[in-house]
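Per chain, numbering begins at 1; letters A, B, ... match sequence-line order.
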Amino acid sequence: MQEKYNFKEIEKKWQDKWESSSLNSVKEDLQKEKYYCLEMFPYPSGNLHMGHVRNYSIGDVVARFKMMRGFNVLHPMGWDSFGLPAENAAIKNKIPPATWTMDNIQNMKDQLKSMGISYDWEREFTTSLPDYYKWTQWLFLQFYEHGLAYKKKGHVNWCPDCATVLANEQVVNGACERCDTPVEKKALDQWYFRITDYAQELLDSLEDLPGWPDKVKTMQENWIGRSEGAEIYFTEETTGERIRVYTTRPDTAFGVTYVVLAPEHPMVERFIEGTEYQQPVRDFVKKVQQMSEIVRTSAETEKEGMFIGAYVLNPVNQEKIPVWVANYVLYEYGTGAVMGVPAHDERDFMFARKYQLPIRLVIQPFDTEITEDTEVNPQEITEAYVGEGIMVNSGSFNGLTNQEGLRKIPEYLEKIRAGKMKVNYRLRDWLISRQRYWGAPIPIVYCEKCGAQAVSEKELPVILPLDVEFRPTGESPLNHIAEFLHTECPKCGGPARRETDTMDTFVCSSWYFLRYTDSQNAEEAFKREKADYWMNVDQYIGGVEHAILHLMYARFFTKALADFGLLAAREPFQNLLTQGMVLKEGTKMSKSKGNVVSPEEIIKQYGADTARLFILFAAPPERDLEWSDQGVEGCYRFINRVWRLVYSYKEELNNNSASFLDTAVSSEEDKNLKRLLHGTIKKVTEDLDLRFNFNTAISAIMELVNGLYHYREKKPQNKNLLQESMEALIVLLAPFAPHLSEELWEVIGHTESVHFQSWPKYNEEALKVEKVEIVLQINGKVRERLIVPAAIDRVALEKMALSTEKAKAAMADKQIVKVITIPDKLVNIVLK
RNA sequence: GCCGGUGUGGCGGAAUGGCAGACGCGGCAGACUCAAAAUCUGUUUUAGGCAACUAAGUGGGGGUUCAAGUCCCUUCACCGGCACCA
């Protein structure tokens with residue numbers, strides 16, 4: 001052992017030893033309770049950033065702690081390596097995406113290894129390699145066979161910059177989440193996963209996830225957007241065509257004064273064809289469609305519309321009402337058509353007033369006089385009444401509360417076959433095709449005779465060609481590779497053309513946690529027994545930016561795969577920890593702001609243990625963390641302090657066999673140290689086990705170290721007590737600073753890894769104190785502190801408190817109202 | 001607009017309704033040193049006082065309670081999510 005802490009030497013030494021002894025490789029073991037600890041796997045951008053360091057440091061503490069608590073811990077790592085950056089880099093640097101990606105992985109893997117994280121690297125995989133994406137394709141076929149993957153033509157989100165379509169979840173405020181370019185709408189034939197089939201279960205089973213932050217569950221709830229209401233059919237007079245309308249307010253059906261179609265609604269064209277409305281309506285529709293998505297869907301955008309020359313009958317009262325087209329109706333939601341009830345809906349109200357459409361009151365507030373006026377002068381009322389009330393002007397429903405109407409009108413509609421109750425979701429099906437090269441090819445071929453055909457399982461994987469040339473247009477090179485494109489129809493053997501779209505990378509990451517349970521399996525995606533042994537993930541850790549996208553897709557996949565009979569679990573992640581961002585100068589680190597701190601540099605300068613310790617100590621995990629160079633210095637100092645402490649005792653500690661944590665103590669110093677030691681074990685254990693409060697766990701360890709320095713100064717030197725204190729200190733520190741702990745453990749004479757030690761247990765007896773400090777309050781203000789024997793009874797304590805000089809003085813001219821006595825804590829004398 | 005989160009010393013942050021500010025950073029002082037760095041020790045919410053001590057104090061206002069950073073109401077600021085979803 002060297003007097004000086006040499007992290008470079010130590011960290012390298014142990015990383016090599018751990019790797020060569022496969023310290024972290026794990027197998028199914030029915031004798032032990034399993035624990036699956038998972039951090040979100042990274043996209044291999046080439047360099048680790050501080051967000052990764054935080055994510056993986058947190059995960060490593062959890063994994064190591066659980067291991068020392070006797071669990072069989074699975075803690076794997078891999079690479080989410082398909083995706084657009086590789087293509088962009090390829091175009092820019094003329095390097096094939098595969099090469100760029102694999103180089104990045106190598107680099108990031110080296111960086112990860114330098115952090116000393118307890119990954120079972122034998123389970124590593126790379127999603128862009130055929131041995132993984134073969135199974136992504138195989139799963140696509142499972143979805144296809146079960147009717148959960150389908151192709152349809154629709155108005156899809158197109159990012160002109162990325163030259164590909166996007167899922168709804170990847171559009172943020174009308175712009176591409178990746179590059180912020182405003183998205184456009186395009187009519188394209190695309191592949192979808194039927195996630196809407198699982199909308200209700202995805203919503204309901206959020207209740208089975210008490211270990212998820214409410215914030216994330218609420219976000220998913222909002223995203224799924226369930227609403228209850230009714231569909232109502234309005235019939236066109238001459239053609240008999242039915243316009244289906246979705247509403248959450250069927251109780252206001254008698255107040256409908258017009259019906260509005262979305263500009264994209266196919267009936268618009270059918271109604272106007274050959275009429276005088278044809279040209280102006282077409283012009284209007286075109287104008288709306290040219291608006292950017294951001295403008296069009298903004299609530300502030302002026303509502304505009306146009307009568308299209310058609311009339312429909314309101315099924316509840318047979319009234320003839322006009323059909324309009326308007327910019328505020330979304331084709332994607334509900335039925336793409338709405339009924340206009342200006343009196344009871346704010347948007348309809350503004351629209352009706354602008355175009356002088358009639359406004360009819362059908363719900364009256366409970367406390368107003370019932371009126372018989374069926375129509376209101378638009379100038380007379382100033383806003384829509386959206387609250388509860390009594391139904392009026394509603395035929396036989398008059399006098400009911402609108403709550404009753406919400407149920408009875410759909411019942412009536414159903415009886416006359418003009419509508420039905422309907423639950424609606426905001427959630428759309430997941431668009432998974434991408435017009436990009438660097439992704440898993442969709443295993444479908446198109447035959448002129450047989451149409452779209454699934455590639456047979458035997459033919460998997462559909463290999464992504466690596467020798468490709470990129471076009472400046474951004475078009476996928478797959479469209480121009482004849483060997484890839486031309487193939488045979490699996491059904492008739494005739495000529496067929498391959499699908500050139502690839503899958504959204506979120507498909508790859510929707511099942512990767514299952515692959516870890518059996519990552520080297522060449523025959524199957526994973527063996528069911530292995531998946532069932534390890535699943536669910538007990539603790540999942542990652543950034544909150546995936547609250548909807550990845551976390552909902554993964555839940556969908558798990559449920560679907562369970563339904564296919566591939567595994568038992570219906571939820572992937574039992575507990576979720578969403579870590580906060582790492583900030584510098586109050587904002588997120590970014591190249592453009594020039595406030596990036598490189599993990600590589602920090603590790604080079606201070607070592608991995610210091611970097612890990614700082615990032616865990618500086619803030620609780622779910623909160624944002626402000627980077628502080630001085631804070632890092634502080635942690636480095638602490639580690640050196642531990643080093644020097646152990647070094648100063650290395651002679652005494654070596655070869656001394658104490659009976660661990662059970663030393664008898666007699667002197668005051670010894671008792672204090674023993675109490676501190678056991679208190680620290682208790683605090684650190686509870687902080688890790690119950691709360692993930694790594695910051696306070698570390699501060700408790702710091703206090704123990706301070707205590708040991710003070711003990712040393714008094715020179716009482718109970719060797720057994722020292723031995724057990726040092727050993728416990730090193731073991732407690734092991735999940736946070738694994739290299740330092742391993743080295744010190746060896747220094748004090750151990751041959752087995754510190755990471756195989758079981759977590760120390762504290763002794764309740766040792767925590768007991770003989771004397772406690774009691775706070776004496778008078779009228780709630782602290783006036784005195786008393787040292788009294790611990791566990792003194794209430795009456796005696798009260799007596800002691802009342803006999804103090806302070807109490808007597810205060811009581812001299814006052815009366816006692818009452819005395820509150822909390823044993824071992826305080827006495828509060830209330831005076832008047 | 002709706003939903004959620006956060007707000008505590010100079011800074012990061014601690015506090016099962018029971019001593020606000022643990023621990024760390026920074027500052028100040030002492031020891032060691034020829035000196036500095038490093039290290040060790042002490043000190044550090046603010047105001048007043050030589051001091052014992054006193055008063056104020058957890059974004060603002062109000063309330064419940066013997067006792068509130070913590071519970072309730074209200075309000076402000078910042079951050080995040082959703083938002084013409086019928």
Side-chain angles (χ1 to χ4, degrees), chain A residues 4 172-173 213-223 225-227 229 245-250 252 260 262 296-303 326-330 332-341 344-348 350-351 424-428 544-545 547-548 580-581 583 586 613-614 617-620 622-635 637-638 640-641 644 683 693 695-706 709-710 712-713 773-785 817-822 824-831:
Chain A
K4 209 170 162 304
V172 177
N173 293 327
D214 289 338
K215 177 181 170 170
V216 173
K217 287 192 278 191
T218 308
M219 281 165 75
Q220 292 210 357
E221 238 173 77
N222 290 343
W223 190 262
R226 180 193 151 104
S227 72
V245 149
Y246 175 74
T247 178
T248 52
R249 292 296 303 274
T252 63
V260 199
R296 189 174 157 186
T297 56
S298 158
E300 279 85 55
T301 301
E302 175 81 8
K303 289 166 189 36
N327 61 349
Y328 72 94
V329 179
L330 306 172
E332 295 82 29
Y333 184 75
T335 58
V338 301
M339 61 188 206
V341 187
H344 305 292
D345 180 282
E346 272 167 48
R347 287 158 307 178
D348 296 348
M350 303 220 298
F351 192 75
N424 218 343
Y425 302 91
R426 209 189 70 118
L427 180 70
R428 308 285 82 208
V544 74
E545 66 274 15
I548 296 170
M581 289 187 292
L583 310 177
L613 203 66
F614 167 72
F617 178 63
E622 62 287 344
R623 269 220 253 174
D624 286 351
L625 179 154
E626 176 67 26
W627 183 266
S628 155
D629 291 331
Q630 285 173 330
V632 177
E633 288 277 355
C635 287
R637 269 205 293 265
F638 169 70
N640 275 283
R641 212 165 134 79
R644 282 191 303 270
K683 170 82 176 147
N693 284 351
N695 55 334
T696 51
I698 292 168
S699 75
I701 297 173
M702 287 172 169
E703 284 178 84
L704 175 60
V705 171
N706 292 344
Y709 267 83
H710 293 140
R712 184 173 68 173
E713 224 170 57
E773 194 182 67
I774 296 287
V775 171
L776 171 64
Q777 295 185 332
I778 291 166
N779 284 338
K781 300 217 172 199
V782 180
R783 281 295 174 270
E784 177 95 273
R785 288 147 215 274
V817 179
K818 65 169 127 173
V819 180
I820 313 282
T821 308
I822 314 283
D824 288 354
K825 282 251 168 70
L826 62 69
V827 177
N828 187 8
I829 304 169
V830 185
L831 300 171

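With both pairing distances under 3.5 Å, B:U6 is matched to B:A77 as a Watson-Crick or G-U wobble pair. Both distances falling under 3.5 Å, in either a Watson-Crick or a G-U wobble arrangement, occur for no nucleotide opposite B:A37. Base pairing analysis places B:C50 opposite nothing; no Watson-Crick or G-U wobble pair with both distances below 3.5 Å involves it. With a 3.5 Å ceiling on both atom-pair distances, B:A67 lacks any Watson-Crick or G-U wobble partner. Using the Watson-Crick or G-U wobble rule with both distances under 3.5 Å, B:A22 pairs with nothing in any strand shown.
Residue A:Lys683 is out of contact with every strand shown, counting any heavy-atom pair closer than 4.0 Å. Within the nucleic acid shown, A:Phe638 has no heavy atom closer than 4.0 Å to any nucleic acid atom. At a threshold of 4.0 angstrom between heavy atoms, the contacts of A:Gln777 include nucleobase atoms, whether or not backbone atoms are also involved. Residue-level contact check: A:Val775 touches the bases, meaning some heavy atom is under 4.0 Å from a base atom. Across all strands, A:Arg428 comes closer than 4.0 Å to no nucleic acid atom at all (heavy-atom distances). Across all strands, A:Asn640 comes closer than 4.0 Å to no nucleic acid atom at all (heavy-atom distances). Looking at heavy-atom distances under 4.0 Å, A:Glu633 makes no contact with the nucleic acid at all.
Side-chain contact between A:Asn706 and A:Phe638 is absent, with no heavy atoms from C-beta onward closer than 4.5 Å. In this structure the side chain of A:Lys303 reaches within 4.5 angstrom of the side chain of A:Arg347, judged on heavy atoms. Under the 4.5 Å side-chain criterion, counting only non-hydrogen atoms from C-beta, A:Lys825 is not in contact with A:Ile774.
When the nearest nucleotides of RNA chain B are assigned to A:Gln630 and A:Pro620 by heavy-atom distance, the more 5′-ward of the two goes with A:Pro620.
Applying the 90° criterion around 0 to the glycosidic angle, B:G9 comes out syn.
If you take CD1 of A:Ile820 and C1' of B:G18, they are 11 Å apart, rounded to a whole angstrom. Look at CG on A:Leu625: it is 15 Å from C1' on B:U6, rounded to the nearest Å. We find that CG of A:Asp214 is positioned 8 Å from P of B:G5, with the value rounded to whole Å. The distance from atom CD of A:Glu622 to atom P of B:G13 is 11 Å, rounded to the nearest whole Å. The distance from atom CZ of A:Arg637 to atom P of B:A38 is 8 Å, rounded to the nearest whole Å. Residue A:Phe614 contributes atom CZ, which lies 15 Å from atom P of B:G24 at whole-angstrom precision. Atom CG in A:Asn828 sits about 10 Å away from atom P in B:A68, given to the nearest Å. In this entry the distance linking CG of A:Asn779 with C1' of B:U65 reads 14 Å, nearest Å.
A:Ser227 and A:Tyr425 form no side-chain donor-acceptor contact under 3.5 Å, judged by distance and modelled atom types alone.
One finds no side-chain N or O of A:Asn693 lying less than 4.0 angstrom from the OP1 or OP2 phosphate oxygen of B:G13. Look at A:Asn695 and you won't find any side-chain N or O under 4.0 angstrom from OP1 or OP2 of B:G24. Contact between the side-chain N/O atoms of A:Arg641 and the OP1/OP2 oxygens of B:A38 is not found at any separation under 4.0 Å.
Comparing B:U46 with B:A37, their P atoms sit 25 Å apart, to the nearest whole Å. When the P atom is compared between B:C40 and B:A51, the two are found 30 Å apart, to the nearest whole Å. Taking the C1' atoms as reference points, B:C85 lies 44 Å from B:U16, given to the whole Å. Only the C1' atoms considered, B:G7 is 6 Å distant from B:G59, to the nearest whole Å. For the C1' atom pair drawn from B:C11 and B:C82, the interatomic distance equals 35 Å after rounding to whole Å. B:C23 and B:G9 have their C1' atoms separated by 14 Å, with the value rounded to a whole Å. When the C1' atom is used for both B:A55 and B:U65, the distance is 23 Å, rounded to whole Å. Using C1' as the reference atom, B:G18 and B:C73 are 24 Å apart when rounded to the nearest Å.
The minimum heavy-atom distance between A:Asn828 and A:Gly780, with the atom names listed, is OD1-N, 3.0 Å. Looking at every heavy atom in both residues, A:Asp624 comes nearest to A:Leu583 through CB-CD1, 3.8 Å. Of all heavy-atom pairs spanning A:Arg249 and A:Met339, the tightest one is O-CE, 3.6 Å.
Judged by a 6.0 Å distance limit and a 45° cone about the ring axis, A:Arg641 is positioned over the six-membered ring of A:Tyr709.
Taking CZ of A:Phe617 as the start and CG of A:Leu625 as the end, the distance is 11.0 Å to the nearest 0.5 Å.
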Problem set entry | Under 4.0 Å protein heavy-atom contact, by nucleotide of nucleotides 80-86 of chain B - B base, S sugar-phosphate only | -SSSBBB
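Comparing B:G12, B:C66, B:G18 against the side chain of A:Phe617 picks out B:G12 as the nearest. When distances are taken from the side chain of A:Glu703 to each of B:C3, B:G18, B:A22, the shortest belongs to B:A22. Nearest nucleotide to the side chain of A:Arg623, out of B:G18, B:G7, B:A15: B:G7. Checked against B:G18, B:C25, B:C3, the side chain of A:Thr218 finds its nearest nucleotide in B:C3.
One N or O on the side chain of A:Asp348 and one on the backbone of A:Val341 form a donor-acceptor pair closer than 3.5 Å.
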